[in-house]
Visitor: 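Below you will find the structure I want to go over with you.
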Amino acid sequence: MPEAYPLRAEAPITHVRVHPIAMPLVEALLTSFGSEARQDALRAAVLVELELASGAIGWGECVASWAPRYSYETVETALHVLRDFFIPAVLGEHDLGKLRAFRGHPMARMALEAAFWSAIAVERGLPLGDLLSQGAPRKERVAVGVSIGIQPSIDATLAIIEKRLQEGYRRIKLKIKPNWDVEVLRAVRRAYPNIALMADANSAYTLADVPTLKQLDELNLLMIEQPLGYLDLYQHSKLQAQLQTPICLDESIHNADDVRLMLHIGAGKIVNLKPGRVGGLIEALKIHELCRSEGVPLWIGGMLETGVGRAANLALASLTGVTLPSDISATNRYYDPDLTEETFTLNAEDSTISVPKGVGLGVTVNRARLAEAEVAYHKAVAAME
Ligand code: OSB
Ligand code: MG
């Protein structure tokens, strides 16, 4: 017998709507695998709107992109799986247990789960974070950092870091790739000897690059995120054995068992938790609990979410087992305007963002902007054909 789904709605699920959207990014984020956006810096996503018979509505965001680069999912695979399988399975149900019949598609799954959990939070008159923490104390403000894409030059990198430090961010993450690594990080370290600095390679290296990666050990980085293969744990254990700097795994962690294996073989020492990557909030809570009980440093990663996805990430980041600054930046780093009425601002005195306190996600979707973003999605798809 599979265990029961741990959360039940008072009223059945009556409607689930999908909204594919395209949103212009304030600033594209270039990573070792390219960009999440199209050339015109349009970030695609799918918003899921779930309604219970009581009238309570919840929202979730699917963080899949146009192309299967960060992971195999895309906006179109998510739409397909949601419309043809996940949504029909849960209509009329009081929980999401029926989703257990399906494999894979974690980002699509998380979008539906976030919509369901936030609808229940509305039904119960609670913020999502209280549902996640189950009454345990949690933070009102979460420590955050900012992720900086690959820039055209070292000078451009130093300039944007200076701007982010001025804004109040106290943890800087630089995207790296072969030939954009040691030199740029050395220059940053020279300019800012004491800032909390880390690097994210998005799987751009192999064990043949150990000599390069070892040079990063001298730079006092907080961590190196996902240097090797996007499914690999074994080779990361070979690399970690040769590095002082902790490895943080992002792409390679798909569930709590992966974290157990990572710890067992020494493939990494820190976890980047993205609820979309691990298939939803239940799995995210399992990983949170495991990291807490094992004393593993944990933070919440970002996927350039709109205010909807970031509100859910902030609720997760408010749990006490999230011990390092998360990739959740202020609204003005991502969208202007965002889809939500509320904007998230950085508390510059301590590099934190305040967790929404309202019921459900604690944010309101602006329907007019949502409609515009849906039109923009269909226009961009038509232009591709
Ligand atoms: O590897 O963490 C990553 C964005 C898209 C895809 C992968 C990653 C990222 C980020 C963005 O680093 C962080 C953010 O949302 O601020
Ligand atoms: Mg990453």
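Computed from a predicted model, the values in this text were never measured in an experiment. For the numbers below, each heavy atom of this structure counts, side chains included, while hydrogens, waters and symmetry mates do not.
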Visitor: Evaluate the side-chain proximity of I57 to V122: yes if any heavy-atom separation is below 4.5 Å, no if none is.
Guide: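 SC-SC contact between V122 and I57 ruled out.
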
Visitor: Counting C-beta onward and ignoring hydrogens, is there a side-chain heavy-atom pair between R171 and L222 closer than 4.5 Å?
Guide: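 Contact flag for R171/L222 side chains = yes.
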
Visitor: Please walk me through it: do E27 and R164 pass salt bridge (Lys or Arg N to Asp or Glu O under 4.0 Å)?
Guide: CA-CA 13 Å; E27 192 180 295; R164 296 306 181 206; 3.1 Å; yes

Visitor: Where do D257 and K286 land on the salt bridge (Lys or Arg N to Asp or Glu O under 4.0 Å) test, with the steps shown first?
Guide: CA-CA 10 Å; D257 284 336; K286 282 188 190 158; over 6 Å; no

Visitor: Is the closest basic N to carboxylate O distance between E140 and K357 below 4.0 Å?
Guide: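 Salt bridge between E140 and K357, a charged N being under 4.0 Å from a carboxylate O: yes.
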
Visitor: Decide, yes or no, whether a salt bridge links R189 with E183 under the criterion of side-chain N to carboxylate O below 4.0 Å.
Guide: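 Looking at E183 together with R189, the answer is no, because their closest N to O distance does not fall below 4.0 Å.
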
Visitor: Do the side-chain N and O atoms of D200 and Q226 include a donor-acceptor pair separated by under 3.5 angstrom?
Guide: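 D200 vs Q226: no donor-acceptor pair found between side chains.
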
Visitor: So do the side chains of T31 and L29 get within less than 4.5 Å of each other, counting heavy atoms only?
Guide: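 With C-beta onward as the side chain, the pair touches.
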
Visitor: Run the side chain to side chain contact (heavy atoms under 4.5 Å, CB included) check on V63 and K274 step by step: do they pass?
Guide: CA-CA 10 Å; V63 296; K274 293 177 180 170; over 6 Å; no

Visitor: Are side-chain heavy atoms of I176 and L216 found at a separation under 4.5 Å?
Guide: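 Contact flag for I176/L216 side chains = yes.
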
Visitor: For residues D217 and T245, is any side-chain donor paired with an opposing acceptor at under 3.5 Å?
Guide: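 Judged by distance alone, the side chains do pair up.
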
Visitor: Is a salt bridge present between R141 and E349, judged by a nitrogen-to-oxygen distance below 4.0 Å?
Guide: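 Looking at E349 together with R141, the answer is yes, because their closest N to O distance falls below 4.0 Å.
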
Visitor: Check R277 with E251, please: is the shortest side-chain N to carboxylate O separation under 4.0 Å?
Guide: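 Between R277 and E251 there is no salt bridge, as every charged N stays at least 4.0 Å from the carboxylate O atoms.
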
Visitor: To the nearest 0.5 angstrom, please state how far the CD atom of E283 sits from the CE atom of M110.
Guide: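 Reported to 0.5 Å precision, the distance equals 12.5 Å.
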
Visitor: Is the shortest heavy-atom distance from the side chain of E113 to the side chain of R109 under 4.5 Å?
Guide: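 Counting from C-beta outward, E113 and R109 never come under 4.5 Å.
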
Visitor: Hey, are D181 and Y205 close enough side-chain-wise for a donor-acceptor pair under 3.5 Å?
Guide: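 Present: a donor and an acceptor within the cut-off.
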
Visitor: Going by heavy atoms in the side chains, are L314 and L316 under 4.5 Å from each other?
Guide: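 The answer is no, as the side chains (C-beta and beyond) never meet within the 4.5 Å cut-off.
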
Visitor: NZ of K238: more than 12 outside heavy atoms within 6.0 angstrom?
Guide: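 At most 12 heavy atoms, drawn from other residues, nucleotides or ligands, come within 6.0 Å of this atom.
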
Visitor: How far does CD of Q240 sit from CG of L213, to the nearest 0.5 angstrom?
Guide: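 Between atom CD of Q240 and atom CG of L213 there are 11.5 Å.
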
Visitor: For E372, is there an ion pair with R369 - N to carboxylate O distance below 4.0 angstrom?
Guide: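 No, no charged N to carboxylate O under 4.0 Å.
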
Visitor: I'd like to know if D350 pairs up with R170 as an ion pair, taking the criterion as any Lys NZ or Arg NE/NH1/NH2 lying under 4.0 Å from an Asp or Glu carboxylate oxygen.
Guide: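 Not counted as a salt bridge, because no side-chain N and carboxylate O are separated by less than 4.0 Å.
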
Visitor: Is the closest basic N to carboxylate O distance between R17 and E51 below 4.0 Å?
Guide: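 The answer is yes: the pair qualifies as a salt bridge.
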
Visitor: I'd like to check W66 versus M384 (side-chain heavy atoms, cut-off strictly below 4.5 Å). Are they in contact?
Guide: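 Yes, close enough: below the 4.5 Å cut-off.
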
Visitor: What is the ring orientation for F33 with Y70, classed by angle as parallel under 30°, tilted 30 to 60°, or perpendicular over 60°?
Guide: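 The rings of F33 and Y70 sit tilted, inter-plane angle from 30° to 60°.
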
Visitor: For the atom pair CE (M223) and CG (L197), what is the distance rounded to the nearest 0.5 Å?
Guide: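 Spacing of CE (M223) from CG (L197) equals 10.5 Å.
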
Visitor: Ring-plane angle category for H105 and F86, please: parallel below 30°, perpendicular beyond 60°, tilted otherwise.
Guide: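 Perpendicular: the ring planes of H105 and F86 meet at over 60°.
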
Visitor: To the nearest 0.5 Å, what is the distance between CD on E305 and CE on M23?
Guide: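 So the gap between those two atoms works out to 12.0 Å.
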
Visitor: State, yes or no, whether a side-chain contact exists between V308 and D338 at a heavy-atom distance under 4.5 Å.
Guide: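 With C-beta onward as the side chain, the pair stays apart.
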
Visitor: Dump the intermediate steps for side chain to side chain donor-acceptor pair (under 3.5 Å) on N347 and T352, then the final yes or no.
Guide: CA-CA 5 Å; N347 305 312; T352 62; 2.9 Å; yes

Visitor: Evaluate the criterion side chain to side chain contact (heavy atoms under 4.5 Å, CB included) for residue pair V75 and Y377; output intermediate values, then yes/no.
Guide: CA-CA 10 Å; V75 171; Y377 176 81; 3.4 Å; yes

Visitor: Run the salt-bridge test on R138 and D130 with the 4.0 Å N-O cut-off and return the result as yes or no.
Guide: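 Yes, R138 and D130 are salt-bridged.
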
